[in-house]
*Asks:* 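Encoded as structure tokens, here's the structure I'll be asking about.
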Amino acid sequence: MKIIGTGSALPSLVVTNDMIVDILDTSDEWITTRTGVKERRILTEETLTDIAVEAAKKALEDANMASTDLDYIICSNLVNSYATPSLSSIIQGGIGASCPCLDINVACAGFVYALDISEAFLKIGKVKNILIICAEEPSRIVDWTQREISILFGDGAAAAVITKGDDLKAMHLSTTSTIDALYYHRKMEYNPFNTKNENTGPLVMNGKEIYKMAVSASTTEISKVLNDTGLSADDISYFICHQANLRIIEAIRQHLNQPESKFPHNIEKYGNTASATIPILLDELHKSKKLKPGDLLVFSAFGAGFTTGTCIIRWSGNNN
Ligand code: ACO
């Protein structure tokens with residue numbers, strides 16, 4: 001596989017830490033020092049579909065490809081207002097494509113898992129061009145009265161166009177069934193024959209547990225993909241890590257003993273946009289011309305499940 005186009009779209013409403021101080025017992029200082037987040041974008045007037053379609057159109061334009069040239073759409077999403085139909089099929093209509101569509105839910109590791117699926121589809125020869133979209137609205141699953149959780153998240157969408165190529169150098173995925181650390185119970189409809197007590201409620205997170213699991217998983221997996229390829233951390237141009245907490249990113253950086261410049265971040269502007277963090281950051285790096293053909297990039301993500309995904313790709317760009 002290779003990535004030949006990227007795009008991203010964020011809601012227009014900027015919610016600063018000071019705006020959160022108006023509704024919660026917290027401070028800009030606490031949020032900034034504990035998480036790195038200064039502001040986040042929250043969907044209000046727009047819908048998740050609106051920004052997902054916008055991100056997809058930008059990625060197609062960047063790849064110089066028509067939506068009718070797509071052979072597959074993979075959408076990574078945690079929760080949206082439709083349990084069915086899939087978000088990918090809604091986005092398909094929005095961009096005027098006619099190919100098969102598939103949603104995946106691997107929480108925040110969704111982009112890396114979607115790359116892995118794309119590589120497999122391309123290898124089988126099933127398809128030529130794939131659109132990956134990560135579209136997330138975590139602001140609708142958190143309890144905005146819980147200051148430990150709500151301050152972390154933001155909404156956003158990003159997309160990437162994938163085609164045949166030889167840019168994927170290593171991939172490592174894992175899932176370790178761990179529900180208690182991070183979960184969200186969907187509300188089910190009343191059923192007169194099913195009298196079980198069922199829990200519903202906002203996102204539940206054991207922040208300290210996730211923190212430890214995240215640092216341990218990402219450092220282990222990055223070492224693994226480096227070993228698999230015979231590369232060293234010094235050979236990598238950028239480590240594009242899931243933007244969950246700046247302190248997690250910093251712990252990974254220190255473990256690898258690499259300069260800050262190789263760990264780009266935008267969590268200060270957008271918070272944790274779940275599976276969209278890595279492709280949003282990738283799009284920003286690409287559009288600001290920070291990526292050069294031949295650069296080796298590490299993507300490393302973790303999320304509810306507990307799922308992790310880390311890969312090394314060579315950036316060959318799109319000749320734009
Ligand atoms: N403002 C002010 N004080 C707060 C806030 C807040 N927003 N939130 C918690 N506190 C208080 C706590 O009540 C506690 O007070 P106490 O000492 O009197 O009991 C104190 O601050 C310290 O709380 P901790 O929970 O120990 O804070 P910690 O340093 O662990 O930071 C955090 C919490 C930011 C959630 C951290 O644990 C974290 O980032 N964990 C990882 C989160 C994450 O990555 N989640 C994954 C997201 S989901 C996904 O990506 C799939």
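Order of listing sets the numbers, starting from 1, for every ligand and every atom in it. These figures come from a predicted structure and were not determined experimentally.
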*Asks:* What residue and heavy atom of the protein are closest to atom 43 (C) of ligand 1, and at what distance?
*Replies:*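 The closest one turns out to be I210 CG2, 3.5 Å.
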*Asks:* For ligand 1, is any non-hydrogen atom under 4.0 Å from N245's backbone (N, CA, C, O), its side chain (CB onward), both, or neither?
*Replies:* side chain
*Asks:* Quick one: which ligand 1 atoms are inside 4.0 Å of a heavy atom on K208?
*Replies:*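 Reading through ligand 1 atom by atom, the close ones are 24 (P), 25 (O), 26 (O), 30 (O), 37 (O).
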*Asks:* Considering the heavy atoms of A304, write down every atom of ligand 1 situated less than 4.0 Å from one of them.
*Replies:* 51 (C)
*Asks:* Can you tell which part of L182 has a heavy atom less than 4.0 Å from ligand 1: side chain, backbone, both or neither?
*Replies:* side chain
*Asks:* Ligand 1 and T35, any nitrogen or oxygen pair closer than 3.5 angstrom?
*Replies:* no
*Asks:* Which ligand 1 atoms are under 4.0 Å away from a heavy-atom of R34?
*Replies:* 22 (C), 27 (O), 28 (P), 29 (O)
*Asks:* Name the closest protein heavy atom to atom 10 (N) of ligand 1, giving the residue it belongs to and the distance to 0.1 Å.
*Replies:*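 Sorting protein heavy atoms by distance from atom 10 (N) of ligand 1 puts W30 CZ2, 3.4 Å first.
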*Asks:* Which part of L24 is near ligand 1, with near meaning a heavy atom under 4.0 Å away: side chain, backbone, both or neither?
*Replies:*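 Neither; nothing of L24 gets under 4.0 Å from ligand 1.
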*Asks:* So, regarding A244 and ligand 1 (criterion: nitrogen or oxygen to nitrogen or oxygen, under 3.5 Å), is there a contact or not?
*Replies:* no
*Asks:* On a heavy-atom basis, which atom in P138 and which in F153 lie closest, and how many Å separate them?
*Replies:* CB-CD2, 3.8 Å
*Asks:* Any nitrogen or oxygen of R247 lying under 3.5 Å from a nitrogen or oxygen in ligand 1? Just yes or no.
*Replies:*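 For ligand 1, there is an N or O atom that lies under 3.5 Å from one belonging to R247.
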*Asks:* Go through ligand 1 atom by atom and flag the ones less than 4.0 Å from a non-hydrogen atom of I248.
*Replies:* 44 (O)
*Asks:* The test is side chain to side chain donor-acceptor pair (under 3.5 Å); show your working for T277 and Q243 and say whether it passes.
*Replies:* CA-CA 6 Å; T277 70; Q243 307 284 295; 5.8 Å; no
*Asks:* Output yes when the distance from some N or O of ligand 1 to some N or O of Y211 is under 3.5 Å, and no in every other case.
*Replies:* no
*Asks:* Which atom pair, heavy atoms only, marks the closest approach of I51 to L43?
*Replies:* CD1-CD2, 4.0 Å
*Asks:* Does K269 come within less than 4.0 Å of E284, counting only side-chain N to carboxylate O?
*Replies:* yes
*Asks:* Identify, by atom number and element, the atoms of ligand 1 in contact range of E148, meaning under 4.0 Å from any of its heavy atoms.
*Replies:* 8 (N), 9 (C), 35 (C)
*Asks:* Is a salt bridge present between K58 and E54, judged by a nitrogen-to-oxygen distance below 4.0 Å?
*Replies:*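 Judged by the 4.0 Å cut-off on N to carboxylate O distance, K58 and E54 do form a salt bridge.
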*Asks:* Which is closest to atom 45 (N) of ligand 1 in terms of heavy atoms, M205, Q243, R147?
*Replies:* M205
*Asks:* So between G207, S27, S275, whose heavy atom ends up nearest atom 37 (O) of ligand 1?
*Replies:* G207
